[in-house]
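Take a look at the structure below.
Excluded from the calculations below are hydrogen atoms, water molecules and symmetry mates; all remaining heavy atoms, backbone and side chain alike, are included. Remember, it's 1-based here, ligands and their atoms both numbered in the order they're listed. Please read these numbers as outputs of a predicted model, since none were measured by experiment.
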Amino acid sequence: VTTPRWIHQTDLFRPHIDPDDHWDLACVMALAGSGRVKLEGVVIDSPPAATPPLNPDAVAVAQMNYLRGLSAPFVTGSSAPFASGVSRTLEVRDRAAMRFILDTLQSSSDPVTIHIVGSCRDVALALDAAPELFRANCAGIYLNAGQGAPDPETWVGLEYNVAVNAAAYQSLFSAPCPLYWVPCYYAIYEDRTVREYASWWDFEQGEVLRDLPGGFQNYFLSVLGQRPTADWLSDLLGPVDAAALETFSRKRRNMWSTAGFLHASGRAVRTSGEIVALEDAGSDALFGFLPVTVQCDDAGRTRWQHADEGTERFIFRVNNIEHYASAMTRAVKTLLLEGLG
Ligand SMILES: [Ca+2]
């Protein structure tokens, strides 16, 4: 049995934009820490201009590595937008993430799965540079971006990860490898409703946070509370601030990407929230992926149709809208407690 090899691309910043990326990193690191997957590395998007300035959250990676006994590297992504059909001369620093992705695809003895929970830029740069490596050694790209309504004329707004670099998003639909597309919303950007072809759900953070070990609570309180990071390890291992834990436990968290992580690790979720092997969920599977054909224009507007098997393109589908949020919350809690005494 080979261990799946993963690359995780994320807009993981400090101060955070949306700290769901910190929850995602914790889930990915849990899967790596329990030996279900090998995390080859984390690609952190080049931060957008902001006041105060945002930084790629190296500290979050360091803290999670420590808590999970891992040594996953990270690399900062390109600051230069990807444009299709345009030859580019990139600065050395803007090629680092692309090179990391290509080197990993080239050197890995087993196919590599790529999760995108941020921008598509660096994977698109790598794909543009060497599509043959994706054909040869990419097990699949899990693309957490976009809107799932099949007709973009019905859309309101454009999903954030797409808007960051729409041409990069478009290029991924031409990748010569399986693409597992997980639209974040259905028609309306920032719609807060569980939909059939959209991955959004939310939960009250305390449902998970209260039951985690202290070090993991401090990992979340550090980023949510925007604590100083120079003492990142002693802060992690220090006492838990009970008042901060209470404050952040009462806040809700939007989530999008957990289903793809589980699917890529060969598992499914029952409507009860129990995590089981992919083949064991049957008709009780909370979500699944259906074969489709997709056309995407350079503004990031997608049109899709159901297809027979064999397209290498799959769309995420919620099978049970009523139980999706509660079951996913239980699954996240199970994941984060995995492999801990
Ligand atoms: Ca994100």
Checklist entry - How about the Ca ion (ligand 1), which protein N, O or S atoms come within less than 3.0 Å? => result Asp11 OD1, Asp21 OD1, Asp21 OD2, Val117 O
Checklist entry - Would you call the rings of His22 and Tyr219 parallel, tilted or perpendicular if under 30° counts as parallel and over 60° as perpendicular? => result tilted
Checklist entry - Any ion pair linking Glu207 and Lys251 (charged N to carboxylate O, less than 4.0 Å)? => result no
Checklist entry - Which residue pairs satisfy the salt bridge (Lys or Arg N to Asp or Glu O under 4.0 Å) criterion with at least one member in residues 138-148, sequence neighbours excluded? => result none
Checklist entry - Rounded to the nearest 0.5 Å, what separation is found between the CZ atom of Phe316 and the NE2 atom of His263? => result 10.0 Å
Checklist entry - What is the ring orientation for Phe287 with Tyr324, classed by angle as parallel under 30°, tilted 30 to 60°, or perpendicular over 60°? => result perpendicular
Item to check | Basic-acidic side-chain contact under 4.0 Å: Asp235, Arg227 | outcome: yes
